[in-house]
Amino acid sequence: MPSRESHERLTALLDPATTVLLTVECQQGVVGPDSALPELAAAARSSGALANIARLAAAAHESGVQVMHAVAESRPDGRGGNRNARLFHAAARLPVQQHTGSTAVRVAPPIEVADEDLVVRRLHGLSPLAGTDVDPLLRNLGCRTLLVTGVSANIAIPNAVFDAVNLGYTAVVPADAIAGVPAEYTPAMVRNTLALVATVTTTDAVIGRWKRPRRQGAAATPA
């Protein structure tokens, strides 16, 4: 079981005033019913990762934690997009395209997007942080801890974690709120790679840390 020290450390890391919840590529064209990547979408849903991300977003909204959604998209003419890896060539041939303004690039249910959420869109690359507005927005928000969720554990999630650490943020990864393919790859990635650079936790542990101060405050208020 986690020690009291580890509980206290996680509570400090997840201070709502300095934490941002980042959802990565949780868009309809990736994890929705009409996904361009049905195997990945199925993994995100069957593992419970998508439902857990929705729970985290709801808890963040209730606790005053900033939520940011990182969306990958492309122009119909492909301008500005990468062509320097097999992945990009394969994506260009998929029957569902993540075109700007299309349903495919909307944040997928059951994740709710609040008015105060920030949606950051990118036309290039593999990372939600590199070459996007995410880093300056995080700095302007006073972020110290980046809570990374979403897909895929194969590429975008490790990219986000590495970039966050390189930029000086503390990365926290709820292991049950990320997904990749095949299913067994995700825990291997978490255990052998992400755990070396990020604090690995669970959705329940994160939500518990955010709820704890509210309960204590309520208990201290006279009836």
Side-chain angles (χ1 to χ4, degrees), residues 2 5-27 49 52-72 107 111 113-114 116-180 186 189-210 212-213:
E5 182 180 357
S6 65
H7 279 302
E8 291 176 349
R9 180 174 180 273
L10 186 62
T11 298
L13 281 179
L14 295 174
D15 180 352
T18 56
T19 298
V20 172
L21 169 64
L22 180 69
T23 76
V24 178
E25 296 183 27
C26 293
Q27 57 205 73
N52 284 333
I53 296 165
R55 291 175 59 213
L56 286 165
H61 294 148
E62 292 176 4
S63 304
V65 174
Q66 179 67 54
V67 180
M68 186 179 295
H69 306 279
V71 174
V107 176
I111 301 168
V113 180
E116 62 269 24
D117 290 5
L118 296 172
V119 180
V120 180
R121 304 178 183 278
R122 77 176 196 273
L123 291 171
H124 63 85
L126 300 170
S127 171
L129 275 75
T132 72
D133 290 336
V134 169
D135 180 39
L137 290 173
L138 292 177
R139 295 189 186 282
N140 289 345
L141 290 164
C143 176
R144 296 176 62 187
T145 298
L146 188 63
L147 189 64
V148 180
T149 67
V151 296
S152 73
N154 305 74
I155 297 173
I157 294 299
N159 243 243
V161 170
F162 295 153
D163 285 347
V165 171
N166 286 333
L167 290 167
Y169 302 102
T170 297
V172 175
V173 179
D176 56 356
I178 65 172
T186 300
M189 164 60 76
V190 171
R191 182 173 60 254
N192 297 305
T193 302
L194 299 185
L196 302 178
V197 293
T199 296
V200 176
T201 185
T202 65
T203 295
D204 285 344
V206 172
I207 293 174
R209 301 286 78 70
W210 287 340
R212 178 177 293 182

Provide the closest heavy-atom pair for [X] versus [Y] in the form atom of the first, atom of the second, distance.
X      : Y      : result
Pro128 : Val134 : O-CG2, 3.1 Å
His69  : Asp117 : NE2-OD2, 2.9 Å
Trp210 : Ser63  : CB-OG, 3.5 Å
Gly180 : Thr186 : N-OG1, 3.0 Å
Val120 : Leu137 : CG2-CD1, 3.7 Å
Gln27  : Ala70  : OE1-O, 4.4 Å

Is [Y] close to [X] at the side-chain level, that is, under 4.5 Å between some pair of heavy atoms?
X      : Y      : result
Met189 : Ile157 : no
Asp204 : Arg55  : yes
Arg144 : Asp15  : no
Leu167 : Arg139 : yes
Cys143 : Gln66  : no
Pro174 : Thr149 : yes
Ile178 : Val190 : yes

| Value rounded to 0.5 Å, distance of OG1 in Thr132 from NE2 in His124 |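 Thr132 OG1 to His124 NE2: 7.5 Å, rounded to 0.5 Å.
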| task | Starting at OG1 of Thr18, measure out to CG of Leu13 and round the result to the nearest 0.5 Å. | result |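 Spacing of OG1 (Thr18) from CG (Leu13) equals 8.5 Å.
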| query | Where do Arg209 and Thr201 land on the side chain to side chain contact (heavy atoms under 4.5 Å, CB included) test, with the steps shown first? | reply | CA-CA 11 Å; Arg209 301 286 78 70; Thr201 185; over 6 Å; no
| task | Could you point out which residue of Leu146, Thr145, Leu14, Leu147 forms a side-chain contact (heavy atoms from CB on, under 4.5 Å) with Leu21? | result |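 Exactly one pass, corresponding to Leu147.
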| Which is it for Met68 and Leu138 under the side chain to side chain contact (heavy atoms under 4.5 Å, CB included) test, yes or no, and what are the steps along the way? | CA-CA 9 Å; Met68 186 179 295; Leu138 292 177; 3.8 Å; yes
| Quick one: do the Tyr169 and Asp163 side chains pair a donor with an acceptor below 3.5 Å? |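 No, Asp163 and Tyr169 have no side-chain donor paired with an acceptor closer than 3.5 Å.
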| task | Check the pair Thr193, Val161 against side chain to side chain contact (heavy atoms under 4.5 Å, CB included), reporting the backbone distance first and the verdict last. | result | CA-CA 10 Å; Thr193 302; Val161 170; over 6 Å; no
| Are any side-chain N or O atoms of Asn52 and backbone N or O atoms of Asp176, one a donor and one an acceptor, separated by less than 3.5 Å? |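 Confirmed, Asn52 side chain pairs with Asp176 backbone.
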| Is a side-chain N or O of Ser127 found less than 3.5 angstrom from the main chain of Leu129, in a donor-acceptor match? |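 Between the backbone of Leu129 and the side chain of Ser127 there is a qualifying donor-acceptor contact (under 3.5 Å).
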